[in-house]
Amino acid sequence: MSSDARLTLITRPGCHLCEDAKAALDRVVAVTGDRWISKDVTGDLELEREYGDRLPVVLLDGKEHGYWRVEEERLLRDLTTPQL
């Protein structure tokens with residue numbers, strides 16, 4: 001996994017909402033040119049404790065951006081708005 005990805009999807013196998021989130025992230029990065037990576041909570045006790053009941057979770061620059069559903073318009077805006 002590369003550290004240049006601004007987006008991280010916290011997920012687990014068999015999660016249907018996670019599959020929807022992957023498709024949404026693909027649509028978003030097709031517009032912005034950004035990259036995303038995924039992290040599986042399976043076998044990672046810390047991730048499971050933090051995010052396990054809210055999967056999928058989207059992190060933007062390491063901070064929680066949302067969970068359960070990807071808010072594509074909001075994510076697009078946050079990725080393309082210059083940070084102060």
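These numbers come from a predicted model, not from an experiment. Numbers for residues simply follow the sequence, beginning at 1.
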Show the nearest heavy-atom pair for residues Val41 and Leu55, with the distance to one decimal. CG2-CD1, 3.8 Å
Where is the tightest heavy-atom contact between Thr32 and Asp34, given as atom of each residue plus distance? OG1-OD2, 2.8 Å
Answer whether the closest heavy-atom distance between the side chains of Ile10 and Pro56 falls below 4.5 Å. no
Measure the spacing between CD of Glu48 and OG1 of Thr42 and express it to the nearest 0.5 Å. 7.0 Å
Should the pair Lys22-Glu19 be classified as a salt bridge under the 4.0 Å nitrogen-to-oxygen rule? yes
Should Leu47 and Lys39 count as side-chain neighbours, where that means a heavy-atom distance under 4.5 Å? yes
Return the OG1 to CD1 distance between Thr8 and Ile37, rounded to the nearest 0.5 Å. 4.0 Å
Can we say Asp20 and Arg69 salt-bridge, meaning some charged N sits less than 4.0 Å from an Asp/Glu carboxylate O? yes
Residues that, via side-chain heavy atoms closer than 4.5 angstrom, fall in one hydrophobic cluster with Val70: Leu7, Leu9, Leu25, Val28, Val29, Val31, Trp36, Val58, Leu60, Leu75, Leu76, Leu79
Rounded at 0.5 Å granularity, tell me how far CG in Leu17 sits from CZ in Arg12. 11.5 Å
CG-CH2 distance between Asp53 and Trp68, expressed to the nearest 0.5 angstrom: 7.5 Å
When rounded to the nearest 0.5 angstrom, what is the spacing between NE2 in His65 and CD in Glu71? 7.0 Å
Is the shortest side-chain N to carboxylate O distance from Arg6 to Asp61 below 4.0 Å? yes
Of the non-hydrogen atoms in Tyr51 and Glu64, which two are nearest, and what is the gap between them? CE2-OE1, 3.6 Å
Approximate separation, where rounding is to 0.5 Å, of Leu45 CG and Glu50 CD: 12.0 Å
